[in-house]
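Worksheet for the structure shown next.
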There are 2 protein chains.
Amino acid sequence: MKLRRPPRPTGAAFLLAQLGAHAADRFAERIEGLGVAPRHAGILRVVATTPVCNQRLLAKRLGVLPSRMVILLDELTEKGLLERKRSTKDRRHSEIILTRRGQRMLEKLSRLAAEHEADLCAALTAKEREDLAALGRKIVHQQGLTPDVHPGYRKL
Amino acid sequence: MKLRRPPRPTGAAFLLAQLGAHAADRFAERIEGLGVAPRHAGILRVVATTPVCNQRLLAKRLGVLPSRMVILLDELTEKGLLERKRSTKDRRHSEIILTRRGQRMLEKLSRLAAEHEADLCAALTAKEREDLAALGRKIVHQQGLTPDVHPGYRKL
DNA sequence: ATGCAATCGTTCATAGGATGAACGATTCAT
DNA sequence: ATGAATCGTTCATCCTATGAACGATTGCAT
């Protein structure tokens with residue numbers, strides 16, 4: 001396929017979008033065997049780092065509608081990775097807690113994430129990786145994004 | 001919301017996915033007023049830089065099923081941005097060509113992309129932007145991604 | 001030349017995620 | 001005590017993704 005060159009070299013914004021989609025896809029493939037999808041992984045991550053955690057909070061933090069969060073938590077509950085515990089003080093809330101199995105799953109996910117990172121950045125030296133992360137963090141901060149959370153993993 | 005700190009600082013892979021989704025969302029918002037979605041923009045871009053261009057080629061290059069491409073091209077044709085011209089030599093193919101209007105749309109998109117880039121990288125100096133882009137290009141190359149194309153813009 | 005496989009664009013059916021309205025149960029405020 | 005607000009949940013609806021199948025057309029082998 002013959003191509004005319006695009007007028008300008010590819011900008012940083014386009015590269016970020018391209019690489020982000022690629023990274024998300026590859027991560028999804030990598031954890032597929034564990035029986036959970038990236039969106040589940042994100043939930044487990046937030047639940048583990050949020051002491052008192054209800055569904056409303058989770059939904060808002062992950063940028064998902066509460067009605068959707070119900071389904072995702074149903075799936076995770078069915079897999080035995082977390083439990084809903086009705087609060088005794090305010091029986092409208094249900095506290096979300098990780099099961100032992102959920103904690104083990106989170107550890108596995110952590111290992112796979114490290115492998116994922118290594119593969120994705122195979123072209124970079126250790127210093128370059130840190131430079132890239134530092135630049136990324138600058139943008140995340142200036143753009144007002146919540147660290148360690150991102151919306152819209154695609155697929156599954 | 002009180003949070004325990006995640007065990008490790010955020011890795012480059014996660015940052016890329018987070019920033020990529022953010023960049024894609026912001027770009028989608030920015031071009032919304034033009035009446036086209038990011039996936040349309042991607043198609044126009046490829047059509048403009050591919051001299052002889054049929055639907056099969058487009059679909060493969062953009063990672064979309066041919067059946068989906070039919071619909072996307074229908075939408076762009078309805079907006080008068082491109083035309084399907086049956087090849088006289090092989091009447092199975094239809095050559096996709098940009099209309100004048102499509103070219104003007106592409107120019108507008110180009111301007112908005114530049115603004116988008118400026119806003120997204122507002123936290124970085126010119127040199128930092130170039131460093132970021134250079135690191136990104138290294139990864140794109142090593143990962144075997146097609147330059148200037150990325151799959152799966154989300155939304156609209 | 002004829003028949004067979006392959007190619008291209010297209011239609012169709014199906015499954016799944018996103019979105020927002022509405023509801024029951026419960027708690028809070030006045 | 002009554003009405004507003006909160007939380008989890010159900011439901012209906014829209015849009016997208018996915019792949020099977022089809023008609024039209026062409027290339028190839030015999």
Side-chain angles (χ1 to χ4, degrees), chain A residues 1 21 24-25 28-29 32 35-43 46-47 50 52-78 82-97 150-156, chain B residues 1 21-22 24-25 28-29 32 35-43 46-47 50 52-79 82-97 150-156:
Chain A
M1 179 168 13
D25 285 349
E29 286 175 13
E32 203 175 10
V36 293
R39 44 205 159 102
H40 298 129
I43 293 175
V46 173
V47 169
T50 306
V52 54
C53 187
N54 63 44
Q55 300 190 199
R56 214 84 185 177
L57 230 62
L58 269 181
K60 187 179 177 186
R61 198 162 150 71
L62 291 172
V64 175
L65 290 180
S67 54
R68 174 87 182 121
M69 185 57 68
V70 171
I71 299 174
L72 295 174
L73 291 183
D74 282 348
E75 293 168 356
L76 285 169
T77 302
E78 259 182 60
L82 52 79
E83 285 178 1
R84 280 185 259 227
K85 207 166 126 188
R86 279 290 178 194
S87 169
T88 53
K89 311 193 172 174
D90 185 341
R91 303 207 335 263
R92 288 173 302 183
H93 297 65
S94 45
E95 190 175 350
I96 313 297
I97 51 180
H150 83 78
Y153 272 125
R154 312 175 321 116
K155 278 188 179 177
L156 279 193
Chain B
M1 176 168 18
H22 175 71
D25 285 348
E29 287 175 13
E32 203 176 11
V36 294
R39 42 203 160 101
H40 298 128
I43 294 175
V46 174
V47 169
T50 307
V52 55
C53 186
N54 62 44
Q55 302 191 196
R56 215 83 185 178
L57 230 61
L58 270 180
K60 187 179 177 187
R61 196 162 152 73
L62 290 171
V64 176
L65 291 180
S67 55
R68 175 90 182 116
M69 186 57 69
V70 171
I71 299 175
L72 294 174
L73 292 183
D74 281 349
E75 293 168 356
L76 285 169
T77 302
E78 259 182 60
K79 292 181 196 298
L82 51 79
E83 284 176 2
R84 282 185 258 228
K85 207 166 127 186
R86 281 288 178 195
S87 169
T88 52
K89 310 191 174 178
D90 186 342
R91 305 213 330 266
R92 289 173 300 183
H93 298 64
S94 44
E95 190 175 350
I96 312 297
I97 50 178
H150 83 79
Y153 270 126
R154 313 176 319 116
K155 279 189 179 177
L156 278 192

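Residue numbers begin at 1 in each chain, while the letters A, B, ... track the order of the sequences.
Below the 3.5 angstrom threshold, one finds no donor paired with an acceptor across the side chain of A:Arg68 and the base of C:dG17. Residue side chain B:Ser67 does not reach the base of C:dG9 through any donor-acceptor N/O pair under 3.5 Å, judged by distance alone. At a cut-off of 3.5 angstrom, counting only N and O atoms as typed in the model, there is no donor on one side facing an acceptor on the other between the side-chain of B:Arg84 and the base of C:dG9.
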Does A:Leu65 form a side-chain contact (heavy atoms from CB on, under 4.5 Å) with A:Met69? I'd like the steps, not just the answer. CA-CA 6 Å; A:Leu65 290 180; A:Met69 185 57 68; over 6 Å; no
Apply side-chain contact (heavy atoms from CB on, under 4.5 Å) to the pair A:Arg39 and A:Leu62, showing each step before the final yes or no. CA-CA 9 Å; A:Arg39 44 205 159 102; A:Leu62 291 172; over 6 Å; no
Let's go through A:Leu82 and A:Leu73 carefully: what are the C-alpha distance in whole Å and the side-chain angles of both, what is the deciding distance for side-chain contact (heavy atoms from CB on, under 4.5 Å) to 0.1 Å, and is it a yes or a no? CA-CA 8 Å; A:Leu82 52 79; A:Leu73 291 183; 4.2 Å; yes
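With hydrogens and angles disregarded, a donor-acceptor distance shorter than 3.5 Å links the side chain of A:Arg86 to the backbone of A:Arg92. Here the side chain of B:Ser87 pairs a donor or acceptor atom with the backbone of B:Lys89 at under 3.5 angstrom.
Distance, B:Met69 CE to D:dA17 C1': 13 Å, rounded to whole Å. Regarding A:Ile71, its CD1 atom lies at a distance of 9 Å from the C1' atom of D:dT10, rounded to whole Å. Atoms CG (A:Leu62) and C1' (C:dA18) sit 15 Å apart, rounded to a whole Å. If you take CG of A:Leu73 and P of D:dT10, they are 12 Å apart, rounded to a whole angstrom. Distance A:Asn54 CG to D:dA5 P: 19 Å, rounded to the nearest Å. For the pair B:Leu65 CG and D:dT18 C1', the interatomic distance rounds to 6 Å; values are reported in whole Å. Rounded to whole Å, atom C1' of D:dG8 lies 14 Å from atom CG of A:Leu57. When the P atom of D:dT18 is taken as reference, atom CG of B:Leu72 falls 12 Å away, rounded to whole Å.
Residues B:Cys53 and B:Thr50 come closest through the heavy atom pair CB-O, 3.7 Å. Across every non-hydrogen atom of B:Leu58 and B:Ile96, the tightest pair is CD1-CG1, 4.3 Å. Closest approach of B:Lys79 to B:Gly35, counting heavy atoms only: CE-O, 3.1 Å. Closest heavy-atom contact between A:Gln55 and A:Arg84: OE1-NH1, 2.9 Å.
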List the protein contact pattern of nucleotides 22-30 of chain C with one symbol per nucleotide (5' to 3'): B for base contact, S for sugar-phosphate-only contact, - for none; contact means a heavy-atom distance under 4.0 Å. ----BB---
So what does the secondary structure string of DNA chain D come out as, 5' to 3', with Watson-Crick or wobble pairs under 3.5 angstrom, [ ] for crossing and | for pairs with another strand? ||||||||||||||||||||||||||||||
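At the phosphate of D:dG8, neither OP1 nor OP2 sits under 4.0 Å from any side-chain N or O atom of A:Arg86.
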